[in-house]
S.K.: 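Let me give you the structure first, and then I'll get to my questions.
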2 protein chains.
Amino acid sequence: MSILPTSQPLKPVGGKRSSKRERILNVFLRQEGHLSADDLFDLIKQDDQHISRATVYRALQWMVEAGIAQKVDFGEGRSRFERTYRHPRHYHLICKNCNSSSEFLSSDIEMLIEEVSTSRNFDVSRSVVQVYGTCEKCSTGKSAPGDEGHTELLFARDALQIAIATERSGLEFYSRAARLAHDQRGRKVFQDLADEEKKHLATLEKSYEELLARDPHLEDRPRFLFFKGAASGLFATGADELVQGVDDQQALLIGIRCERGSHNFFKKYAEKFEDSEGKQIFADFAAEEKEHLELLLKEYRELVKRQSQPAKRVASRTRKA
Amino acid sequence: MSILPTSQPLKPVGGKRSSKRERILNVFLRQEGHLSADDLFDLIKQDDQHISRATVYRALQWMVEAGIAQKVDFGEGRSRFERTYRHPRHYHLICKNCNSSSEFLSSDIEMLIEEVSTSRNFDVSRSVVQVYGTCEKCSTGKSAPGDEGHTELLFARDALQIAIATERSGLEFYSRAARLAHDQRGRKVFQDLADEEKKHLATLEKSYEELLARDPHLEDRPRFLFFKGAASGLFATGADELVQGVDDQQALLIGIRCERGSHNFFKKYAEKFEDSEGKQIFADFAAEEKEHLELLLKEYRELVKRQSQPAKRVASRTRKA
DNA sequence: CTAGGTGCAAATAATTTGCAGAGGC
DNA sequence: GCCTCTGCAAATTATTTGCACCTAG
């Protein structure tokens, strides 16, 4: 279950290694939740009777400076600490009844916070969202599937699900366009795009299977990532007459627009991962998309040069009656 | 500038009045920002040398219990307090450089938080959003228009602006529909609806003028309320052929749909105001919309009864090509 | 008259710090 | 050997509490 390579402990810079720190660090990184200094102190004491509170405080301070830990404040009058190593950025739902807290990430909320801040010329360094209330367990009695799984896995799961849905909708769009296009060369472009999407989709689905293999209950756990902003509207749909009449040049333009959206989307995801393998998955994918996009752009430029005339604009979406 | 009726101090329930509490309460309510217990203590001491910290702490506790004040925690290791009386719910932008903080409200963020919580069966009682970073003043040096104005006024300003925009779009929609409708009775319905909107619009614009009169710099202050979710899509536009062919019955249905959206919109706003005159403005307005809506519904029912046949469904929005 | 408010000083509670000694490099 | 870490105890900071006294209803 543990994602941490236990044999190879972290060695953050900025301080001397010592048996005490090593021990504190190891105990801390093995914990899932949000520990108070005292919680940690008690845990350490189980192994090592000769530990001082001050040492724990100093170690925590050092971990925060080194970027391994982060202070969180749930308004209890004392600080708690959570891992940042292999732990994506997130917000909190905090049960005032049982003091449990669960994590989520909403890219939509992040975007809105960004918008508000921009409009006030406020330079954001960190945003905190804390939702206080009563958790399902406390209000209904029955225990819901916990989100004790590694947040990193949950994030990867949800991001992959969204990515797969995006690819599917792209595949569907291009296939449909290929079926509808009257122009021979236009159809060819769409067909190629669809094939490309199919390839990407297979890659993603394989990643997803691999992820599921690492935690048998992964799909039962509650959703971590909330993001409706990006997946919708990437691919224009519902305007069949638009693609019927396009030639290869226009088809390429449509493809470029969609792929650019898709690339930005994955890039954005990749950036969201702190240091983790999930980041790599998405960074790789974004790179792949970018490559594809550049290929399309090159193809388009060559086509234009060959025809040595400016591209015709795609007809506007609705015809005036 | 002060919105508080200075002659008539609040008398919250649940405690005895005393000269000390009265004084603390008055000083507290006159302050704009987020006071720490010590800030308040210092302020009181300017008037009254014989005050104890304990009394200030006890008074603050009492104010929080009575719902006049709210504790906020910006992670400084001590609590701050802000008024809740005549102070709409809000989130915070906190400058880590100068420790200033400014307030905003995003209904969109609130909606997203609600969605996340619902999906986890989490019962929300309060949500905290804190954006840490550097304010405009600290990063550019030049001082931006401050938001020291009463939040209540800012809220009213922004809500009214959105409401006016909504009414305008309604007016435009109905006017256009009246112009386009072929059916005589359908046109009449749209015309009446447009007239009604014009009346509402005038009311709102008058309220807005009155608001501006109360603070000459009100329009210079930064936006407080962020809400793109509601205003858009209330009135269907861009489908001219839809309204061309409608009869009075169908026109009424369209009107009902739009007015219902509008009513819900204003009701939602009204609910957002804590205890304030702004709440009243919007509650009144929501009531007016509701009345209008019920009138339309009645008219519709009568029309249906007269014709004693089920209403024809409005044609779907886009024709398949 | 009596419950509740007030001041003072002492108590708590979380966290930090001074200092002497131990340990890593 | 030097510099940093560690333990212990004392200090600091924000807040609360016990207690004797005072004041409003």
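All chains are named by letter (A, B, ...) in the order of the sequence lines, taking the proteins before the strands, and each is independently numbered beginning at 1.
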S.K.: For dG24(C), take OP1 and OP2 only and decide whether either is under 4.0 Å from a side-chain N or O of Lys20(A).
M.R.: no
S.K.: Could you give all pairs that pass the side-chain hydrogen bond (donor to acceptor under 3.5 Å, both in side chains) test and reach residues 49-61 of chain B, with sequence neighbours left out?
M.R.: Asp38(B)-Arg53(B)
S.K.: Could you tell me how far apart Asp39(B) (CG) and dA14(D) (P) are, to the nearest whole angstrom?
M.R.: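 About 11 Å, once rounded to whole Å.
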S.K.: Look at all strands and tell whether Ser36(A) reaches a base, only sugar-phosphate, or nothing, counting heavy atoms closer than 4.0 Å.
M.R.: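 Since no nucleic acid heavy atom lies under 4.0 Å of Ser36(A), the category is nothing.
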S.K.: Of Val56(A), Leu35(A), Leu40(A), which is the lone residue that meets side chain to side chain contact (heavy atoms under 4.5 Å, CB included) with Val27(A)?
M.R.: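 The option that passes is Leu40(A).
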S.K.: Taking Lys20(B)'s backbone N and O only, do any of them form a donor-acceptor pair with Asp48(B)'s side chain (distance below 3.5 Å, no angle check)?
M.R.: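 Checked: no pair found.
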S.K.: Donor-acceptor check, side chain of Thr84(A) to backbone of Ile68(A), threshold 3.5 angstrom: yes or no?
M.R.: yes
S.K.: Return the value, rounded to whole Å, for the distance between atom CZ of Arg80(A) and atom P of dT15(C).
M.R.: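 Between P of dT15(C) and CZ of Arg80(A): 10 Å.
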S.K.: Is Asp158(B) reaching over with its side chain to a backbone N or O of Phe224(B), donor-acceptor style, under 3.5 angstrom?
M.R.: yes
S.K.: Round to the nearest Å and state the distance from Arg23(A) atom CZ to dG24(C) atom C1'.
M.R.: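 One finds 16 Å between C1' of dG24(C) and CZ of Arg23(A), rounded.
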S.K.: Mind calculating the distance between CG (Leu25(A)) and C1' (dC5(D)) to the nearest angstrom?
M.R.: 15 Å
S.K.: Can you measure Phe41(B) atom CZ to dT16(D) atom P for me and round it to whole angstrom units?
M.R.: 15 Å
S.K.: Below 4.0 angstrom, which residues in residues 42-61 of chain A have at least one non-hydrogen atom near DNA chain D?
M.R.: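 Correct list: His50(A), Ile51(A), Ser52(A), Ala54(A), Thr55(A), Arg58(A).
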S.K.: Please report, rounded to the nearest Å, how far the C1' atom of dC25(C) is from the CZ atom of Arg21(A).
M.R.: 15 Å
S.K.: Excluding sequence neighbours, so at least two apart, what forms salt bridge (Lys or Arg N to Asp or Glu O under 4.0 Å) with Lys267(B)?
M.R.: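 With neighbours one apart ignored, the set is empty.
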S.K.: Does OP1 or OP2 of dA14(C) have a side-chain N or O of Ser79(A) closer than 4.0 Å?
M.R.: no
